[in-house]
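First up is the structure itself, then whatever we jot down about it.
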Protein chains: 2
Amino acid sequence: MPAPTSAPADPIGASAMPRRRVGRPAAAVLDQDGITTAALQLIGKSGYDGFTMAALARTLNVAPSALYNHVSSKRDVLVLVQDHLTSFVDVTAFEAGPWEQAVRDWAWSYRDVFSKHTPLIPVIAVLPVADAPKTLAMYEAVSAGFSRAGFPQERIIPAIVAFESFIFGSAYDATAPADIFDSGTMAEATPHFTSAVRRQAEDTHEKPADAAFRLGLEALLTGLGALRAA
Amino acid sequence: MPAPTSAPADPIGASAMPRRRVGRPAAAVLDQDGITTAALQLIGKSGYDGFTMAALARTLNVAPSALYNHVSSKRDVLVLVQDHLTSFVDVTAFEAGPWEQAVRDWAWSYRDVFSKHTPLIPVIAVLPVADAPKTLAMYEAVSAGFSRAGFPQERIIPAIVAFESFIFGSAYDATAPADIFDSGTMAEATPHFTSAVRRQAEDTHEKPADAAFRLGLEALLTGLGALRAA
DNA sequence: CCACTAAATGAATGTCGTTCATTTAGAATG
DNA sequence: CATTCTAAATGAACGACATTCATTTAGTGG
């Protein structure tokens with residue numbers, strides 16, 4: 001996993017907010033950044049099944065209940081992790097260069113980041129952007145890119161949402177077992193499907209999930225790109 | 001919620017398999033169909049939070065442990081529910097009529113069914129089709145339609161997967177809170193995004209999630225439809 | 001009528017997230 | 001320097017849960 005891009009990350013300065021009041025007890029063992037980092041590490045090591053408030057506390061050498069002085073629920077921790085992960089999504093190409101390539105870079109990196117974290121998708125997908133500053137920053141960069149590319153203002157958000165929906169669904173698909181389309185004993189009852197599955201397996205040399213993502217992404221690029229002003 | 005379409009449902013006869021051995025004790029209180037129906041009812045009444053093995057057993061007047069004679073886990077119940085719900089997805093238009101309209105009917109009904117059951121999406125998205133006969137039947141109908149429409153065989157599965165990924169992601173989006181894009185105190189730090197959100201709110205008369213779904217779906221129809229043979 | 005067996009029972013287990021009264025230890029105040 | 005304030009950590013406890021298992025129940029074939 002790449003390090004967070006130092007310059008482009010957090011362009012709206014969201015993380016520089018006054019969290020500590022003035023400074024009564026300076027020896028704080030815990031804070032949200034530390035919790036986020038430890039959570040990400042734990043998830044990387046143990047997966048989302050092993051990700052437990054107790055396990056998280058253990059890696060921080062702290063009692064589980066201590067976490068609740070800094071986050072209000074486990075879901076809160078997941079939101080922090082999600083927002084942090086979003087800073088790994090590549091939006092640099094929206095600042096300059098052609099719109100198509102910027103969307104490609106963004107979409108592929110977005111899918112790749114969250115295909116390793118699909119349990120977060122139900123969280124992200126319905127999370128108000130105001131609760132996730134880095135995610136908001138991503139939207140600003142993408143919106144600016146769409147605007148610069150000549151999209152009518154009222155179509156920018158729907159177009160981004162369409163891309164994003166496709167990306168989230170594709171992130172799941174990328175984690176599906178390779179034999180997901182094996183029809184087993186039903187094969188002769190589903191001739192069209194079974195034959196299509198076989199023909200695809202013979203044809204493609206890239207991972208099936210990647211082929212589907214590429215196909216859908218290029219279709220969206222063509223279809224939505226047509227909304228731009230000439 | 002509509003009743004299962006009697007004729008088009010279960011076209012491969014998946015549900016008519018010999019489940020009962022020969023017939024020792026005929027007074028079985030429980031079976032998979034009964035569990036599925038009760039689960040769907042319970043979910044409709046109490047949502048997925050209230051959906052508990054204990055609660056499910058209570059509606060069936062049975063001890064929780066009795067369920068484990070018929071399903072091996074809670075996830076198993078969710079798989080049964082998911083497969084049952086799939087029979088509500090409309091694939092009738094794939095049998096005749098233009099491909100575009102068939103995909104529209106299919107995609108909108110697919111999204112509508114699962115936007116009321118988003119907790120199932122992580123289950124469906126990675127579930128081998130052999131474990132879900134009705135879902136397999138849906139794929140057969142859709143594959144046949146794509147084939148009839150002139151798609152090259154090796155592109156049928158990737159195209160369906162692309163549509164489906166978009167549909168799953170959009171199902172989440174359809175359940176997002178209306179003010180999800182409210183940037184709050186960050187508004188002036190995200191001018192492009194904030195302005196785009198405002199312009200969209202002024203413009204559209206349909207639900208934002210519906211506008212995004214329509215836009216993306218039509219783009220995919222155009223882009224993927226171009227793969228068909230002339 | 002007996003033996004077999006699928007199915008239901010109810011108690012028990014272990015894992016969680018979360019709460020809360022209490023303690024701890026720096027920092028500010030006078 | 002002593003007192004006071006308070007954020008933060010503690011540890012015990014709770015209430016849900018899914019799941020297991022030894023035991024019981026009750027039809028059915030032989």
Side-chain angles (χ1 to χ4, degrees), chain A residues 17-40 42-43 45-82 119-120 122-123 127 131, chain B residues 17-40 42-43 45-82 119-120 122-123 127 131:
Chain A
M17 282 167 56
R19 178 149 300 139
R20 192 64 42 79
R21 290 298 187 81
V22 275
R24 294 317 145 69
V29 182
L30 245 41
D31 62 6
Q32 290 203 341
D33 281 352
I35 291 175
T36 306
T37 303
L40 200 52
L42 176 60
I43 289 164
K45 195 176 305 173
S46 317
Y48 281 88
D49 283 346
F51 178 58
T52 282
M53 292 301 269
L56 178 57
R58 198 173 319 121
T59 71
L60 289 161
N61 290 315
V62 135
S65 53
L67 297 169
Y68 289 86
N69 288 318
H70 304 272
V71 298
S72 64
S73 67
K74 183 180 184 179
R75 189 194 134 94
D76 249 45
V77 179
L78 293 177
V79 168
L80 290 172
V81 170
Q82 178 267 310
L120 292 179
V123 177
L127 185 75
D131 296 346
Chain B
M17 280 167 59
R19 178 148 301 140
R20 190 64 40 80
R21 289 299 187 82
V22 275
R24 295 319 148 64
V29 182
L30 245 41
D31 62 3
Q32 291 202 340
D33 281 352
I35 291 175
T36 307
T37 304
L40 201 51
L42 176 59
I43 289 165
K45 196 177 305 173
S46 317
Y48 281 88
D49 283 346
F51 177 58
T52 281
M53 292 301 268
L56 178 57
R58 199 174 318 122
T59 71
L60 288 161
N61 290 315
V62 134
S65 52
L67 296 169
Y68 289 87
N69 288 317
H70 304 272
V71 297
S72 65
S73 66
K74 183 178 184 179
R75 188 194 135 94
D76 250 44
V77 179
L78 293 178
V79 169
L80 290 172
V81 170
Q82 178 267 310
L120 292 179
V123 177
L127 185 75
D131 296 346

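So that the names make sense, note that chain A is the first sequence line, chain B the second, and so on, each numbered from 1.
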### Task
I would like to know whether A:Leu127 and A:Arg75 meet side chain to side chain contact (heavy atoms under 4.5 Å, CB included); could you show each step before the answer?
CA-CA 11 Å; A:Leu127 185 75; A:Arg75 189 194 134 94; 3.5 Å; yes
### Message
Between the base of D:dA9 and the side chain of A:Asn69, is there a donor and acceptor pair under 3.5 angstrom?
### Response
yes
### Query
To the nearest Å, how far apart are A:Arg58 CZ and D:dA9 C1'?
17 Å
### Query
Does B:Tyr68 have any side-chain contact (heavy atoms from CB on, under 4.5 Å) partners at least two apart in sequence or in another chain, and if so, which?
B:Met53
### Task
Could you check how far CD of B:Gln32 sits from P of C:dA7, rounded to whole Å?
11 Å
### Query
Excluding sequence neighbours, so at least two apart, what forms side-chain contact (heavy atoms from CB on, under 4.5 Å) with B:Asn69?
none
### Task
Not counting sequence neighbours, which residues clear side-chain contact (heavy atoms from CB on, under 4.5 Å) with B:Asp76? List them please.
B:Val71, B:Ser72, B:Ser73
## Note on the structure
Separation of D:dT20 atom P from B:Lys74 atom NZ, nearest Å, is 15 Å
### Of the listed nucleotides C:dT9, D:dT19, C:dT18, the one nearest the side chain of B:Val62
C:dT9
Is there any protein nitrogen or oxygen under 3.5 Å from a nitrogen or oxygen in nucleotides 10-14 of chain C, and what are the pairs?
{"unit_1": "C:dG10", "atom_1": "N7", "unit_2": "B:Ser65", "atom_2": "OG", "d": "3.1"}
{"unit_1": "C:dG10", "atom_1": "O6", "unit_2": "B:Ser65", "atom_2": "OG", "d": "2.4"}

### Task
Round to a whole Å and report the spacing from OH of A:Tyr68 to P of D:dG11.
17 Å
### Task
State which residues pass side-chain contact (heavy atoms from CB on, under 4.5 Å) with B:Ala66; sequence neighbours excluded, sorted by chain then number.
B:Leu30, B:Val62
### Task
Send over the distance from A:Leu67 CG to D:dG11 P, rounded to a whole Å.
14 Å
### Listed once per pair and sorted, the side-chain hydrogen bond (donor to acceptor under 3.5 Å, both in side chains) pairs that draw on residues 51-60 of chain A, sequence neighbours left out
none
### Query
A:Met53 has an atom CE; how far is it from atom P of D:dA9, in whole Å?
13 Å
### Query
Side-chain N or O of B:His70 less than 4.0 angstrom from OP1 or OP2 on C:dA6?
no
### Query
Atom CG of B:Asp49 and atom P of D:dC17: how far apart are they, to the nearest Å?
9 Å
### Message
For a quick test of reading the model, state the closest non-hydrogen atom pair linking B:Val77 to B:Leu56 and the distance between them.
### Response
CG1-CD2, 4.1 Å
### Task
Using whole Å, report how far OH of A:Tyr48 lies from C1' of C:dC16.
18 Å
